[in-house]
S.K.: 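Before anything else, here's the structure in question.
A, B, ... follow the sequence lines: proteins, then strands. Residue 1 opens every chain. Bear in mind the structure is a predicted one, so any value in this text is a computation, not a measurement.
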Number of protein chains: 2
Amino acid sequence: MAQGQRTTIKDIAKECGVSLSTVSLVLNNNSRISEKTRNRVLASVKKHGYQPNIHARGLASQTSEVISVVVPHLNHVFADIYFGEIVSGIYDRACDDNYKVLLDVANSKFVESQEYINILKSRRVDGMLFIASSIEDDYLRAFEGSPYKFLLVNHFFPNSSLNFLGVDYRDSARQAADHLLGLGHRNIGVIAGTNTHTGLAFRDEFIARCRAAGLDEKAVLWEDGGRDWSQEGGFEATRKLFATNPAITAIMAGNDRMGIGAMRYIHTHNLKIPEDVSVMGVDDIPQAKFTTPGLTTIRHELYQMGRAACERLLALFRGDISTCHEVLPVKLIVRESTGPAKT
Amino acid sequence: MAQGQRTTIKDIAKECGVSLSTVSLVLNNNSRISEKTRNRVLASVKKHGYQPNIHARGLASQTSEVISVVVPHLNHVFADIYFGEIVSGIYDRACDDNYKVLLDVANSKFVESQEYINILKSRRVDGMLFIASSIEDDYLRAFEGSPYKFLLVNHFFPNSSLNFLGVDYRDSARQAADHLLGLGHRNIGVIAGTNTHTGLAFRDEFIARCRAAGLDEKAVLWEDGGRDWSQEGGFEATRKLFATNPAITAIMAGNDRMGIGAMRYIHTHNLKIPEDVSVMGVDDIPQAKFTTPGLTTIRHELYQMGRAACERLLALFRGDISTCHEVLPVKLIVRESTGPAKT
DNA sequence: GTCCTCGGGTGAAACGTTCTACCTATAGCA
DNA sequence: TGCTATAGGTAGAACGTTTCACCCGAGGAC
């Protein structure tokens, strides 16, 4: 295993008495080479444990077979289940096609040094999947009309032609609103994530649906859950909502974690779920099933979304498609945290 | 942004009327070049948004400035908080030195095609951090005495010289045992992760400590928590433990998730924590603080471990060190899930 | 016998850097 | 004057592939 010089294509060629081209063609499964020669080459390759130099290959072929996944700059972001589920989907799909996945975090260095474009210019990666989702990430508009392969995951920019794939947040909001309204709730508090366009879309559609059902401005309040959509943020937002309207009988959280924070607030104030207050989340993370009571939520198939996003990026590489603007369906999951409104 | 040919060092050289070497030296901050020329070149670089081709650079310099992080083949592994915390630490440290992080999963393809070594041979990465931790990953012993830069993270092989860095699981076990014994517990159930050497070390040291305190074989039982150390596994193991010894007053879980599963089992059987049964975990994941009651645990600084592991790998690159066998300290975190044994 | 085709293979340019060895002009010094 | 040192810069080999254009020989068609 320890050797001074690594084996190169030249060594293989010499040993087999063929040209470099022949070895290269064999390695790339080109049918020009006869069975006999092919086997001789392959045997030699195996014998030496030869592996093509990735840089030489990338230089000559102008591709890297690597994709970059960009996540936002949050504390310990890779420990976040939301991003983790998506990344898992991306990885698995990429792996199927022998693509590698490179990590990137959209921190200030990444933005200021324009790493987001340099990584493509330098050919380090063939394309990017951008999960980092903030309404502030406006620099991405630079990709409009660019030749680079690029896809936003569960995130979009209004009035932009950037490729994206995500779940249908507006339908999500409608299903959630209909569920709570159907249970008779007339005083609802919304905990919104306001730093993404999808979060805003969810909030606005949810409120619009409630208004359409006859709830007035005071009957459906919203509060910001904070920029990291955390349990703590949900806890705090719930406090504020109850302070403004003590008659609230349902809390709609923009994601499950904030929903769990809301449950915690409600429990610590000796209210019963769902008898006194119903709570809903969004995403259906595994934890949602294990809360007491189980959390009613709208399932967003994050893993599948990751897979699909990666699939579309690969399709862009292949030229099978040239744009992508796609939303995936969502599904209401009723558990025990929602029930008829207290009368 | 859209151009036919990307700018190369040649374009810059031509525009500035200097040689390729000069441009290259400027880009690598070599002091040979005068301030004047340097500025001229840098201006041109900036103007064209020039970025060196990563493959050309890698080919010439024989490095890639990329490290690979290998995690085990679990379902949706990147959504796992344990690995997520470590990966976050690794990423942040790598980022400080402008290294990139590539993901790998130790699935059957990875093992059978010997990707673990090919990725190094092909120069795709300069080194590897192996978080994938199973006693079955014996193929890694192939790295003993190899020239490749390689480090096991929170994982070790007995009787092996492989580099590693992790926390001190034996000390962890001693602190946990002393805490429970000190509270008067004399019937203890251990939920162990048995598919890692660290998990086995924890179990064995914990039991040894209890025996040393006078507990006999029946008084300290252990049960396997399953290969993914999950909440469900902890739940099921707890059931078995109580079936064997209904007198148990304390459960020691090999990680927090299994501990949370244990708590769930205990709650659903109308026992009180800690009045009837004390429960302890290991790791101190953020969730441990939010359980009811809060989970007593041994804090393993996973993020810091990731950072440290990456730091050591970089030190191996630089040649500052040539081996690494290091354990990090752990700390008992007492919350409300443990209390005096019921008499 | 000549021309075509085609299977199987080769030669060498191209990809875009890094880096060593070398060059030149000028200054300093005895 | 001749010698050395040095600052500033250059030429070109090397890195290890891919791939296009080309070659050769054999078989078939006419």
S.K.: Any donor and acceptor pair, going by atom type alone, linking the side chain of D126(A) with main-chain N or O of I67(A) inside 3.5 Å?
M.R.: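 Side chain of D126(A) to backbone of I67(A), a donor-acceptor pair under 3.5 Å: no, none is there.
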S.K.: What's the CG-C1' distance between L25(A) and dG11(C), to the nearest Å?
M.R.: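 These atoms are roughly 13 Å apart.
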S.K.: Establish, with yes or no, whether the OP1 or OP2 oxygen of dC15(D) is under 4.0 angstrom from a side-chain nitrogen or oxygen of N53(A).
M.R.: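 For dC15(D), OP1/OP2 do not have a side-chain N/O of N53(A) under 4.0 Å.
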S.K.: Which of the following nucleotides, dG16(C), dT17(D), dC15(D), is nearest to the side chain of A60(A)?
M.R.: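 Among dG16(C), dT17(D), dC15(D), the one nearest the side chain of A60(A) is dT17(D).
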S.K.: Starting from P on dT18(D), measure out to CD1 on I33(A) and report it in whole angstrom.
M.R.: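 Taking atom P of dT18(D) as the reference, CD1 of I33(A) is at 13 Å.
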S.K.: Which residues pass the side chain to side chain contact (heavy atoms under 4.5 Å, CB included) test with E144(A), not counting sequence neighbours?
M.R.: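 Once residues adjacent in sequence are excluded, the partners of E144(A) under the side chain to side chain contact (heavy atoms under 4.5 Å, CB included) criterion are R141(A), S160(A), S161(A), L162(A).
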S.K.: Is Q62(A) close enough to dG16(C) that one of its side-chain N or O atoms is under 4.0 Å from OP1 or OP2 there?
M.R.: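 The answer is yes; a side-chain N or O of Q62(A) sits under 4.0 Å from OP1 or OP2.
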S.K.: Considering only side-chain heavy atoms of S34(B), which listed nucleotide, dG8(D), dG16(D), dT17(C), is closest?
M.R.: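 From the listed options, dG8(D) comes nearest.
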S.K.: Is there a donor in the side chain of T37(B) and an acceptor in the side chain of S34(B), or the other way round, less than 3.5 Å apart?
M.R.: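 S34(B) and T37(B) do have a side-chain donor-acceptor pair below 3.5 Å.
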S.K.: In chain order, what residues pass the ring pair (Phe, Tyr, Trp, His ring centres under 6.0 Å) check against H55(A), with sequence neighbours excluded?
M.R.: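 H55(A) satisfies ring pair (Phe, Tyr, Trp, His ring centres under 6.0 Å) with no other residue.
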S.K.: For a salt bridge (Lys or Arg N to Asp or Glu O under 4.0 Å) check, start with the C-alpha distance between R307(B) and E301(B), then their side-chain angles and the critical distance, and finish with the verdict.
M.R.: CA-CA 10 Å; R307(B) 281 201 76 100; E301(B) 299 274 12; over 6 Å; no
S.K.: Just jot down the salt bridge (charged side-chain N to carboxylate O under 4.0 Å, His left out) partners of D11(A), sequence neighbours excluded, or say none.
M.R.: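 Checked D11(A) against salt bridge (charged side-chain N to carboxylate O under 4.0 Å, His left out); zero matches.
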S.K.: Distance check needed: dG16(C) C1' versus R124(A) CZ, whole Å only.
M.R.: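 From R124(A) CZ to dG16(C) C1': 15 Å.
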S.K.: Any ion pair linking K100(B) and E65(B) (charged N to carboxylate O, less than 4.0 Å)?
M.R.: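 Salt bridge: no.
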S.K.: Pair F130(A), H155(A) - check ring pair (Phe, Tyr, Trp, His ring centres under 6.0 Å), show working.
M.R.: CA-CA 8 Å; F130(A) 215 85; H155(A) 183 210; 7.3 Å; no
S.K.: Would you mind reading off the distance between E65(A) atom CD and dT17(D) atom P, rounded to a whole angstrom?
M.R.: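 Distance check: E65(A) CD to dT17(D) P gives 15 Å.
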S.K.: Below 3.5 Å between N/O atoms, which protein atoms pair up with nucleotides 21-27 of chain D? Just atom names and distances, please.
M.R.:
none

S.K.: In whole angstroms, how far is the P atom of dC15(C) from the CZ atom of R6(B)?
M.R.: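 Rounded to the whole Å, the gap is 14 Å.
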S.K.: Between dC15(C) atom P and K10(B) atom NZ, what is the distance in whole Å?
M.R.: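 After rounding, the gap between these two atoms is 7 Å.
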S.K.: Take the protein atom CZ of R123(A) and the nucleotide atom P of dC15(C), then report the distance between them rounded to whole Å.
M.R.: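 Between P of dC15(C) and CZ of R123(A): 12 Å.
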S.K.: Mind checking salt bridge (charged side-chain N to carboxylate O under 4.0 Å, His left out) for D228(B) and listing every partner two or more places apart, or none if nothing turns up?
M.R.: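 Salt bridge (charged side-chain N to carboxylate O under 4.0 Å, His left out) check on D228(B) returns nothing, list empty.
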S.K.: Return the residues of residues 16-24 of chain B meeting this criterion: a heavy atom under 4.0 Å from some atom of DNA chain D. Order them by number, or give none.
M.R.: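 Nucleic-acid contacts, sorted: V18(B), S19(B), S21(B), T22(B).
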S.K.: Can you tell me the distance, in whole Å, between the CG atom of L59(A) and the C1' atom of dT19(D)?
M.R.: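 Those two atoms, CG and C1', are 13 Å apart.
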